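Right, one structure below, let's go through it.
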Amino acid sequence: MNKSMEKLIEISRKYGNDSRYVIAGGGNTSFKDNSRIWVKASGHALATIDENGFSVLDRKLLNVISEKEYSKNTAIREDEVKNDLASATITKDRRPSVETSMHNAINYTYVVHLHPTLVNGLMCSNSAEKETAQLFGDEAVYIPYTEPGYTLFKEVEARIGDFKKEKGKHPTIILLQNHGIFVSANSTEEIEKIYDDVLSKIEKKAKINLNTTEWEIDDKAAQIIPAIRMIASRDGNLKTLKIRNNSLINKYSASKEEFSKIELPFTPDAIVYCKSKYIYLTFESIDSLLKNAEEEMEEYVKKNGYTPKIIVIKGIGVIAIGDNVKNCDIILDVFEDAVMIAETAQSFGGEHPLTKKQTDFIDNWEVENYRRRVIVGNVSRRVENKVIIVTGAAQGFGEGIAEYLINEGANIVVADLNEEAGKKTAERFSTLCKSNGVIFVKTNVTDAENLKNLVHQTVCNFGGIDVFINNAGVLKAGSITDMTPENFEFVTKINYNAYFYCTKAVVPVMKLQNVYNPDNYCDIIQINSKSGLRGSKANFAYAGGKFGGIGLTQSFALELAPFGIKVNSICPGNYYEGPLWANPENGLFRQYLEAGKVPGAKTIEDVRRYYMSQVPMNKGTSPADVTKAALYLIEQTCETGQALPVTGGQVMLN
């Protein structure tokens, strides 16, 4: 890699990782020499870009676009330009940015095109042109709003020519109304200086505070968002929802008048990711709100042909309706950026949104639809977009189950009392996510208020609860003589009582989802044990709780079936490799050895061999084995109240 490419990647990542300059992977950068240009490929994010994220084009062939006469028909013209752009592209596997021709026309080595919030606050204001002249004098070219693509390129090319004739030099700053800024120079260091100066001047003139620290979301969210998610998912595509609120969002959602200032899109990015129409609701009661939401969403789909992306609720916050978690994050970031743009624009004569004609062009432009598809992603796995809580998922069996489900597309909530391990596990899981997501919620499964917070955090981050996997459990072996009442109560409270506490906590959300989408099924799955199917010597506290758990499963299943909630238990055999068994200090191998549960055993290895000999398949039960059973139960809509053995044949049903 040559030094120029290293510099291009360095400055691309610098700005791509700074939300003041770039959101939703937007913006583009380039480097050119006399014969070639390297420009960011469409769909690649500046934050993580490497050499393979740049398209390479032949400048001689690219210059044809400047000289050629194209069709007057917009659709035909854009297709012709796209084909000529493709012909000039050397790296055929990477589609170059649609703004490549503009980069080529700018007579500097490096070009960095970004959408800084402060810049767009100026560019999306009523006084954009006048304020630009006052702030930047003859250092900048101002471009009134022009349709993106070829038309914008020709306008920029003409304005650069006029600027050169008048000033005797090429502009280093090009400001585009309702679009963003191009900064160019022969070194990346000079580009950084120019950007610092531009933002400093705007910030000094605007004198605003764009503090957007997130607020705590109202507890009522858990009674609202799952219903909206189910209404949005009636087309058969399970949606993900996420909510956000802060001082600025609250300000612009406080009244219909304030909301009107952000109701229309300011930039192409807003249209691409948030669409061009939002739903605004006021809160009187939960019932009336959901009735209004259902009516407005149904009317929205009927009128527009697609599900709304943004619902703003006065006093609650803004809800993103996305195809997945990644999509929701982008929607919220873009919407929040629009709120900050509106706030900044008040210092420059008020907000100036795009017109309906301008909006319609972007909404139907193939180039932007392509970018949306590439950035958002489109994958389909067995539990794609399902929201799954796994208790005791910080380590061991629960961690293994959660990891398997992450790789099958689920949004995972790691619910565990061990905060340090839970955060590390969630962080590791995040590297496995594609379009899905993961959060950690510190959870005591025996505490009702703690479980209420678990449900609240799950709903706020993902929109609902599709599957609850009750995996958290403990074991303290001992004979009747040795078992203390305190240990018996401890084991029973977590293995038996907590199953009830957790089910009670998640059922209201699952029932609500069923009301608004009766075709949607939810699952409660208890990770039980083979000890729940037959007695276990010197292990009665554990076995008793597990036997009771199956009783709860069958009873819950009968009660919840009318609400589309399936309740099942999975009864695994021994997971010999996990900490429950293998921990050298207090694992079951050691506990069973000390309790004398295996006659004649003198070492831990003796205990291990004894238990392996009882398994016909001669293997332990792994988290993957159990997760495959869970996936079966989730996919099977005619299975409830069951205790499914996964024991390698050690326990067989009669």
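In this text the structure is predicted, and so the values were computed from the model without any measurement.
- Looking only at distances, no side-chain donor or acceptor of D218 sits under 3.5 Å from a matching main-chain atom of A221.
- In terms of the ring pair (Phe, Tyr, Trp, His ring centres under 6.0 Å) criterion, Y404 has no residue partners (sequence neighbours excluded).
- Without hydrogens or angle criteria, N327 side chain to V325 main chain gives no donor-acceptor distance under 3.5 Å.
- If you check the side chains of S285 and D287, you find no donor sitting under 3.5 Å from an acceptor.
- D219 has its side chain within reach of K452: a pair of non-hydrogen atoms, C-beta onward, lies under 4.5 Å apart.
- With hydrogens and angles ignored, the 3.5 Å screen pairs no side-chain donor or acceptor of N471 with any backbone N or O of V390.
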Given T492 and N497, is the side chain to side chain contact (heavy atoms under 4.5 Å, CB included) satisfied, shown in steps?
CA-CA 7 Å; T492 303; N497 295 21; 4.0 Å; yes

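- Within 6.0 Å of NZ on K619 lie more than 12 heavy atoms contributed by other residues, nucleotides or ligands.
- Salt bridge present: E420 and K424 bring a charged side-chain N and a carboxylate O closer than 4.0 Å.
- Residues V455 and I465 meet the side-chain proximity criterion, which asks for heavy atoms closer than 4.5 Å.
- A donor-acceptor pair is defined here as one N or O able to donate and one able to accept, closer than 3.5 Å; such a pair exists between the side chain of N495 and the backbone of V474.
- Remark: the backbone N or O of V441 is paired with a side-chain donor or acceptor of T443 at under 3.5 angstrom.
- Residues A643 and L533 share a closest heavy-atom pair of CB-CD2, 4.1 Å.
- Annotation: cation-pi geometry satisfied between K275 and Y306 (NZ/CZ under 6.0 angstrom from ring centroid, within 45° of ring axis).
- Residue L248 holds its CG atom at 10.0 Å from OG1 of T213, rounded to the nearest 0.5 Å.
- When every heavy atom of I550 is checked against every heavy atom of C571, the shortest pair comes out as CD1-SG, 4.1 Å.
- At a cut-off of 3.5 Å, with distance as the only test, no side-chain donor of Y280 or E296 sits close to an acceptor on the other residue.
- By the 4.5 Å heavy-atom criterion applied to side chains, Y300 and K302 are not counted as neighbours.
- Pairs of residues two or more places apart, or lying in two chains, that qualify as ring pair (Phe, Tyr, Trp, His ring centres under 6.0 Å) and include a residue from residues 535-582 are F397-Y575, Y499-F556, Y576-W581, Y576-F589, W581-F589, W581-Y592, W581-Y611.
- Between the side chains of S536 and K597, at least one donor N or O sits under 3.5 Å from an acceptor N or O.
- Of the inter-residue distances, the one linking Q513 atom CD with M230 atom CE reads 4.5 Å to the nearest 0.5 angstrom.
- In summary, the side chains of E585 and N583 do not present any donor paired with an acceptor at a separation below 3.5 Å, with no hydrogens or angles considered.
- Contact between T425 and A394 at its shortest, heavy atoms only, is OG1-O, 2.5 Å.
- Here L633 contributes atom CG and S569 contributes atom OG; the two are 9.5 Å apart, rounded to the nearest 0.5 Å.
- The pair D466-R229 meets the salt-bridge criterion, with a side-chain N (NZ, NE, NH1 or NH2) lying under 4.0 Å from an Asp/Glu carboxylate O.
- Within a 6.0 Å radius of OH in Y516, other residues, nucleotides and ligands contribute more than 12 heavy atoms.
- Looking only at side-chain heavy atoms (C-beta outward), E284 and L289 stay at 4.5 Å or farther from each other.
- Using modelled atom types, one side-chain atom of N461 and one backbone atom of Q457 make a donor-acceptor pair closer than 3.5 Å.
- Residues D329 and K242 are paired through a salt bridge, judged by an N-O separation under 4.0 Å between the basic side chain and the carboxylate.
- Using a 4.5 Å cut-off on side-chain heavy atoms (C-beta onward), Y501 and L451 make contact.
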Apply side chain to side chain contact (heavy atoms under 4.5 Å, CB included) to the pair V414 and I439, showing each step before the final yes or no.
CA-CA 6 Å; V414 175; I439 61 169; over 6 Å; no

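- Rounding to the nearest 0.5 Å gives a distance of 11.5 Å between CZ of F259 and CD1 of I249.
- Remark: the backbone N or O of G409 is not paired with any side-chain donor or acceptor of N385 at under 3.5 angstrom.
- Side-chain atoms of D625 and S622 include a donor-acceptor pair closer than 3.5 Å.
- Shortest non-hydrogen contact noted between V459 and P226 is CG1-CD, 3.8 Å.
- Residues L238 and K386 are in side-chain contact: their nearest non-hydrogen atoms beyond the backbone lie under 4.5 Å apart.
- In this structure a side-chain-to-backbone donor-acceptor pair under 3.5 Å is present from Q636 to C638.
- Of the inter-residue distances, the one linking N568 atom CG with I524 atom CD1 reads 10.0 Å to the nearest 0.5 angstrom.
- Minimum interatomic distance between V413 and F462 (heavy atoms only, all atoms of both residues): CG2-CE1, 3.8 Å.
- A donor-acceptor pair under 3.5 Å is formed between the side chain of N528 and the backbone N or O of K546.
- Counting only heavy atoms from C-beta outward, the side chains of L432 and E403 approach each other to under 4.5 Å.
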In sequence, state the C-alpha distance, the side-chain angles, and the governing distance for E299 and K303, and then conclude on salt bridge (Lys or Arg N to Asp or Glu O under 4.0 Å).
CA-CA 6 Å; E299 181 62 26; K303 185 176 180 180; over 6 Å; no

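- For CE of M612, the number of neighbouring non-hydrogen atoms (other residues, nucleotides, ligands) closer than 6.0 Å is greater than 12.
- Scanning all heavy atoms of the two residues, the minimum distance from T647 to P572 falls at CG2-C, 4.0 Å.
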V312 vs L281, side chain to side chain contact (heavy atoms under 4.5 Å, CB included): CA-CA, chis, key distance, verdict
CA-CA 6 Å; V312 177; L281 302 170; over 6 Å; no

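- Side-chain atoms of N250 never come within 3.5 Å of backbone atoms of N246 as a donor-acceptor pair (strictly under, hydrogens ignored).
- In this structure, L653 places its CG atom where more than 12 heavy-atom neighbours from other residues, nucleotides or ligands lie under 6.0 Å away.
- Between R428 and E399 a salt bridge is recorded (basic side-chain N to carboxylate O distance below 4.0 Å).
- Atom CD1 of residue I494 and atom CG of residue N444 lie 7.5 Å apart, to the nearest 0.5 angstrom.
- Under 4.0 Å is where a charged nitrogen must lie from a carboxylate oxygen, and between R381 and E408 no such pair does.
- Using a 4.0 Å cut-off between charged side-chain N and carboxylate O, K566 and E639 make no salt bridge.
- Atom CD of Q614 is surrounded by more than 12 heavy atoms from other residues, nucleotides or ligands within 6.0 Å.
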Start with the C-alpha gap between K423 and E427, add the side-chain angles, then the distance that decides, and say whether salt bridge (Lys or Arg N to Asp or Glu O under 4.0 Å) holds.
CA-CA 6 Å; K423 287 181 176 178; E427 186 177 346; over 6 Å; no

Using the salt bridge (Lys or Arg N to Asp or Glu O under 4.0 Å) rule, take E605 and R608 through it: C-alpha gap first, then chi angles, then the decisive distance, then the call.
CA-CA 5 Å; E605 190 56 36; R608 181 191 295 272; 3.5 Å; yes

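- Looking at E594 and R590, a side-chain N of the basic residue comes within less than 4.0 Å of a carboxylate O on the acidic one, giving a salt bridge.
- Annotation: side chain to side chain donor-acceptor pair (under 3.5 Å) contacts of Q554 (sequence neighbours excluded): none.
- In this structure the side chain of I319 reaches within 4.5 angstrom of the side chain of I225, judged on heavy atoms.
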